[in-house]
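For reference, the structure is listed below as structure tokens.
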Protein chains: 2
Amino acid sequence: MLYMGRLARAAAAELAMATTEQKNAALEAMAAALEAGTEKILGANAKDLEAAEKNGRDAAFLDRLRLDEGRVAAMAKGLREVAGLPDPVGQTIASWTRPNGLEIARVRVPLGVIGMIYESRPNVTADASALCLKSGNAVILRSGSDSFLTSLVIANILTEAMKSAGLPGEAIQLVPSVDRQAVGFILGGLGGAVDVIVPRGGKSLVERVQKEARVPVFAHLEGNCHVYVDETAPLDMARDIVVNAKMRRTGICGAAETLLVSRAAVDTHLTPIVDALIEAGCEVRGDPDTQHTDSRVKTATDEDWDTEYLAPIIAVKVVEDLDDAIAHIDEHSSHHTEAIVTNDEAAAAAFLARVDSAIVLHNASTQFADGGEFGMGAEIGIATGRFHARGPVGVEQLTTFKYVVRGQGQTRP
Amino acid sequence: MLYMGRLARAAAAELAMATTEQKNAALEAMAAALEAGTEKILGANAKDLEAAEKNGRDAAFLDRLRLDEGRVAAMAKGLREVAGLPDPVGQTIASWTRPNGLEIARVRVPLGVIGMIYESRPNVTADASALCLKSGNAVILRSGSDSFLTSLVIANILTEAMKSAGLPGEAIQLVPSVDRQAVGFILGGLGGAVDVIVPRGGKSLVERVQKEARVPVFAHLEGNCHVYVDETAPLDMARDIVVNAKMRRTGICGAAETLLVSRAAVDTHLTPIVDALIEAGCEVRGDPDTQHTDSRVKTATDEDWDTEYLAPIIAVKVVEDLDDAIAHIDEHSSHHTEAIVTNDEAAAAAFLARVDSAIVLHNASTQFADGGEFGMGAEIGIATGRFHARGPVGVEQLTTFKYVVRGQGQTRP
């Protein structure tokens, strides 16, 4: 494992100097190689699926694990999309000239080596490799054991394509083992060889990574996202946003989990919104005020305010006003994404300023919490930490910078 | 300690919403209060000095600890300078509109609570408090035991001035104990109440913080800075830069510690530069090639290439060419600051791109590695980590951002 780290570090140094053309050519080669290797990938995937079924994995799990021709083609398409993104490396973020003539520039450089720890989605192997390559980083991949054979075939195809494009194959390395100890080594940073870890998977994986990692982590533990609707919100807009925020896809981190409604909007807004949610197939769990409006509303317990359902269930609470809504969010938020629906500009401004989450929205669905929707291209994850990357983590967020200073012989007085 | 953390967290939330005018008024009140409290500060400082002398502290240590009227006035002046800096909080770093009409802005917000762990310089109490306040952060200060009484008086004065200006006094808290355990509690993050730790002091302090901290750290362990001179460098410029980089102030982290000279420049550049260094009072330790040019050059051992002298001593080595210089720097650099002196634009571009340090300079002294010299105002430290803040850490680097998204009712398809 330490040797892998050293190889990755050396490959990262080489990759940091690669041109945009070289990197894009490699991405194209990788996409073509995945397409050409479809049969081999699906063969390995069939073995993984068989073993997972034997191990009693459920249908949702098997669906995440399963590849078919369409999904392999989608992976290849994803690689080509990353090739189409602007190259962040070498971009000048800021520059200025000092009175003494020194020209100072803050220039983007790759982070170095990314440790990617993921579970059963084998496509992460290709997606993460592409984003790391475009941003000039080497990646050490640690696939979940259930998708190991599939990931191994994909990683080997990508590595060979990298080499054929003249870039170091060691820039993409899959840990050749499903040993759980391997995760511990990566969390320890492989003797200084790993700069940041990105976990992708269930809450217990992310929890372990956040707790044990000795290097920075880009992650979110959960997305307990809130929508607050006040009495000035246009009813149709509020209803559409709440139903979309909850029900468009219930399994993503930007899905709304709690709806807060101001007391002044109980008569006008709460009833039709609850009705629309239930009509859309959502289970509504409410506080007494909410239950009072519709007999189909179940009882919310204290636990509901802290629960990320990732399912067609929503907790609904009547709050006194904006301050009360913000106080509730402060107490229960996972600092991921929160939205206010209102026509009161002052209330919107206060909400956007005071709510301390990575993403705050006014009159839009929380399901927009996504790098693609932000126009950042593909994302490797979403971060709720306060450092370096916050919100969607795309190629730009996988870089750091250095100060490049050009002088004409200046010495410091 | 945990209670201090909770108070700091609450104060940080309040401070995040403070206006620039409020913060500047508080900084002015703090400056005036320090001036008015000079006698009290010097009284406490006399006790600290007496105890430190009894404990056998050396002259350099006592000098760092000692305050006089001029130094207190300089602290007050520093507070006013921070008041004069632009307020980073609320600045829009980037903004764009999506095809669906969503307006996305990346807006600066404070980091939260800064843990400041420092040694014997009591002025850090005021400097760090001012930078944290301006950037909207609460600070928990842990003063070294030798300067504890002085720091306590200063912190109390600052806290009272904060309150008199209508801002929460708990935004500046000094750990009321010199117990070494207190450092451990802060390194643990005070139950999630500390967002980042900034250590200021000797290498052993920084080493402990980097090793044990469970939250991010802005720091540099050392500044083993290099200057590389090649045969195309104008001799006068090279000599001036090398002597300035080494000798202007030998005790700062941006001071040069190793000089590399290309073999082609041995006859033309090495001899006069070594001569100028020795004339300036510098001890020169060289490899055999360097020793060959001047009998006063002592022998450099392997250890010298990894030593941050912080003293009038320099290690000098003849390298074959640019690649050899970069390879030496790769191996021995602390990733702080490195400079090249050359008239060869291609060599300069390669050096600036390939050397992986927070600051890389062309034809300028490494002693410019400083927030003030960069035009960023005062700095709380210099970071060599790759995350979030790299290089000088000023008020801007003490902030993070959030995404503020304004819609007109958008739902995600």
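We use all heavy atoms of the structure for the numbers below, so side chains are in, but hydrogens, waters and symmetry mates are not. Everything numeric here is computed off the predicted structure, so don't read it as measured data. In what follows, chains carry the letters A, B, and so on, assigned in the order in which the sequence lines appear, proteins first and then strands, with residues in each chain numbered from 1.
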Could you walk me through whether Arg214(A) and Glu212(B) pass the salt bridge (Lys or Arg N to Asp or Glu O under 4.0 Å) check? CA-CA 10 Å; Arg214(A) 297 298 301 160; Glu212(B) 295 179 21; over 6 Å; no
Could you go through the salt bridge (Lys or Arg N to Asp or Glu O under 4.0 Å) check for Glu14(B) and Arg354(A) one step at a time? CA-CA 10 Å; Glu14(B) 204 178 327; Arg354(A) 286 167 56 191; over 6 Å; no
Passes ring-ring contact (aromatic ring centres under 6.0 Å, His included), Phe374(A) versus Tyr403(B)? Steps please. CA-CA 10 Å; Phe374(A) 271 47; Tyr403(B) 287 101; 5.1 Å; yes
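Looking at Arg386(B), its side chain never comes within 3.5 Å of a backbone N or O of Gly112(A) through a donor-acceptor pair. Looking at Arg390(B), its side chain never comes within 3.5 Å of a backbone N or O of Thr400(A) through a donor-acceptor pair. Judged by distance alone, the side chain of His388(B) and the main-chain N or O of His388(A) form a donor-acceptor pair under 3.5 Å.
Contact count against chain A (heavy-atom pairs under 4.5 Å) is highest for Leu352(B) among Asp330(B), Asp236(B), Leu352(B), Val107(B). Ranking Pro234(A), Ala353(A), Ala369(A), Ser357(A) against chain B, the residue ahead of the rest is Ala353(A), based on heavy-atom pairs under 4.5 Å. Among the candidates Ser365(A), Pro216(A), Gly391(A), Ala339(A), the residue making the largest number of heavy-atom pairs closer than 4.5 Å to chain B is Pro216(A). Of all the listed residues (Gly409(B), Pro392(B), Ala13(B), Ala348(B)), the one sharing the greatest number of non-hydrogen pairs under 4.5 Å with chain A is Gly409(B).
Proximity to chain B (any heavy atom under 4.5 Å) is restricted, for Gln397(A), to the side chain, taken from C-beta onward. In this structure, no portion of Arg249(B) lies under 4.5 Å from any heavy atom of chain A. Both the backbone and the side chain of Glu373(A) come within contact range of chain B, with heavy atoms under 4.5 Å apart. Interface residue Ala358(B): only backbone heavy atoms are found under 4.5 Å from chain A. Heavy atoms of Arg248(A) lying under 4.5 Å from chain B belong exclusively to its side chain. The contact between Leu102(B) and chain A is made entirely by side chain atoms (from C-beta outward), counting heavy-atom distances below 4.5 Å. With a 4.5 angstrom heavy-atom cutoff, Ala213(B) touches chain A only via backbone atoms.
Between Arg412(A) and Thr366(B), every side-chain heavy-atom pair lies at or beyond the 4.5 Å cut-off.
In this structure, Asn100(A) and Phe368(B) approach most closely via the heavy-atom pair ND2-CE2, 3.4 Å. Minimum heavy-atom separation, Gly407(B) to Ala364(A): CA-CB, 4.3 Å.
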